[in-house]
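To start, the structure itself, in structure tokens.
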Number of protein chains: 2
Amino acid sequence: MVGMSLRHAVLGLLVDQPASGYDLMKRFNTSLANVWPATQSQVYGELARLADGGLIDVAAEGPRGRKEYTLTDAGLAELRRWLIEDKPEPRRSSALLRVFFMGVLDAEQAADYLAKAAEQAAADHAALRQLQDSLDWTEQGPLTTNGRLALEYGLRLYAMQEEWAQWASSQITSAAE
Amino acid sequence: MVGMSLRHAVLGLLVDQPASGYDLMKRFNTSLANVWPATQSQVYGELARLADGGLIDVAAEGPRGRKEYTLTDAGLAELRRWLIEDKPEPRRSSALLRVFFMGVLDAEQAADYLAKAAEQAAADHAALRQLQDSLDWTEQGPLTTNGRLALEYGLRLYAMQEEWAQWASSQITSAAE
DNA sequence: GCGGACATGTAAGAAGTTACATGATTAG
DNA sequence: CTAATCATGTAACTTCTTACATGTCCGC
């Protein structure tokens, strides 16, 4: 058991508000979409396993077989444990992998690829900024605070990606002369 | 067939120099370690599948059953195709996931976590800089050029991560007052 | 000869994706 | 009554990780 981040994403989303699998999917698709995407299939499976292991409980049952889960003390403890233990996981980046092998393209194609990457980063940046504007920052809860931190990370990342792609594009066009 | 990046990493590593699975593992563990890590088990399996599909050939056999693979025309074409098609894959970040749920820690623990993250980014940055200094940049080949671009991306990423972690840490300590 | 590097593979399991399958409730 | 939403699950498949298994060659 080394990774298991999906498990902790589910636990984290249950901290303040109990939820059904259906509710959780909505949270995954909004707040966690850019951080830890998950499929419906995964979420329901993980909920069953977590309940089985006593990390969450079925607190209430509703219409259509709805099961509303809450975090148990053991679940909260597990989340805290995971947060504190630091394990820098390997990061895979297919974007960077492409950069590595860009040499098999001619200069024009490579520059084109980088230009598109810059555009994409700019678009992502704009989308995130819009999300930031649309959110209600009047609340002062702990989740709001940390959501802000994660959002700022995203903004900085996209800014960096755009600048880098522009720089890299200029490197290529100047080397092609 | 949407992802398949391991396949393209293998193809890319075979572009200029033929190699055995054993050779490729060394390349994965050095040049591609921070971009697309792979295990021995994966590499051998993928080589067999690629040879089966005609994207690579066994060009020579050596001692100890060594099989030296070369890229075929079809393999190079497939690599080019993959490079040009743009698909921004979902990125998972357990580090960011932790930030999201940092609210369940007290301010001291959270600040501690961010301080460690800043240190880690600084260390990674230093390691990459050292790698940069140790490499022979006198060669002017296409792989060298693009390796430089990828390296610069890494340097910028780590710099950004360090700055962000420091900023986030200050946000938390000031909010805790 | 013997240890370390070279060299290739298989097996079992965890994690993730896509598609299928089914049905209940509610708002209009 | 009927369409959209709510709601849960299973099956098949791919990808990745960890561990096991085996054997050869080369330098000293």
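When reading the values below, keep in mind they use all heavy atoms of this one structure, side chains included, and skip hydrogens, waters and symmetry mates. For clarity, every value in this text was computed on a predicted model and none was experimentally measured. Here is the naming used below: chain letters follow the sequence lines, and residue numbers restart at 1 for every chain.
- Screening residues 106-115 of chain B for salt bridge (Lys or Arg N to Asp or Glu O under 4.0 Å), with sequence neighbours left out, gives B/D112-B/K116.
- Applying the salt bridge (Lys or Arg N to Asp or Glu O under 4.0 Å) definition to pairs two or more places apart or across chains, none involves residues 160-173 of chain A.
- Summarising the geometry, the separation between NZ on B/K67 and C1' on C/dC6 is reported as 15 Å, rounded to the nearest angstrom.
- Taking the nucleotide of DNA chain C with the nearest heavy atom to each of A/P63 and B/P63, the more 5' of the two is matched to B/P63.
- Here D/dT5 presents its P atom at 8 Å from OH of A/Y22, a figure rounded to the nearest Å.
- Contacts between residues 36-51 of chain B and DNA chain D, defined by a heavy-atom separation below 4.0 Å, involve B/W36, B/T39, B/S41, B/Q42, listed by number.
- Following rounding to the nearest Å, A/R92 (CZ) and D/dT15 (C1') show an atom-to-atom distance of 9 Å.
- The list of side chain to side chain donor-acceptor pair (under 3.5 Å) pairs with a residue in residues 49-60 of chain A, not counting sequence neighbours, reads A/E46-A/R49.
- Rounded to whole angstrom, the span from the CE atom of A/M4 across to the P atom of D/dC16 amounts to 19 Å.
- Between the CZ atom of A/R64 and the C1' atom of D/dG9 there is a distance of 16 Å, rounded to whole Å.
- Taking atom CG of residue A/L6 and atom C1' of nucleotide D/dT15, one finds them 16 Å apart after rounding to whole Å.
- Residue B/K26 has no polar side-chain atom (N or O) positioned under 4.0 Å from OP1 or OP2 of C/dA5.
- Residues A/Y153 and B/V99 form no side-chain contact, since every pair of their non-hydrogen atoms from C-beta on lies 4.5 Å or further apart.
- Taking atom CZ of B/R66 as the reference point, atom P of D/dG23 lies 21 Å away to the nearest angstrom.
- Separating the CE atom of B/M25 from the P atom of C/dA5 is a distance of 16 Å, rounded to the nearest angstrom.
- A search for salt bridge (charged side-chain N to carboxylate O under 4.0 Å, His left out) contacts involving B/R80 returns nothing, not counting sequence neighbours.
- The salt bridge (Lys or Arg N to Asp or Glu O under 4.0 Å) analysis of residues 33-44 of chain B, with sequence neighbours excluded, yields no pairs.
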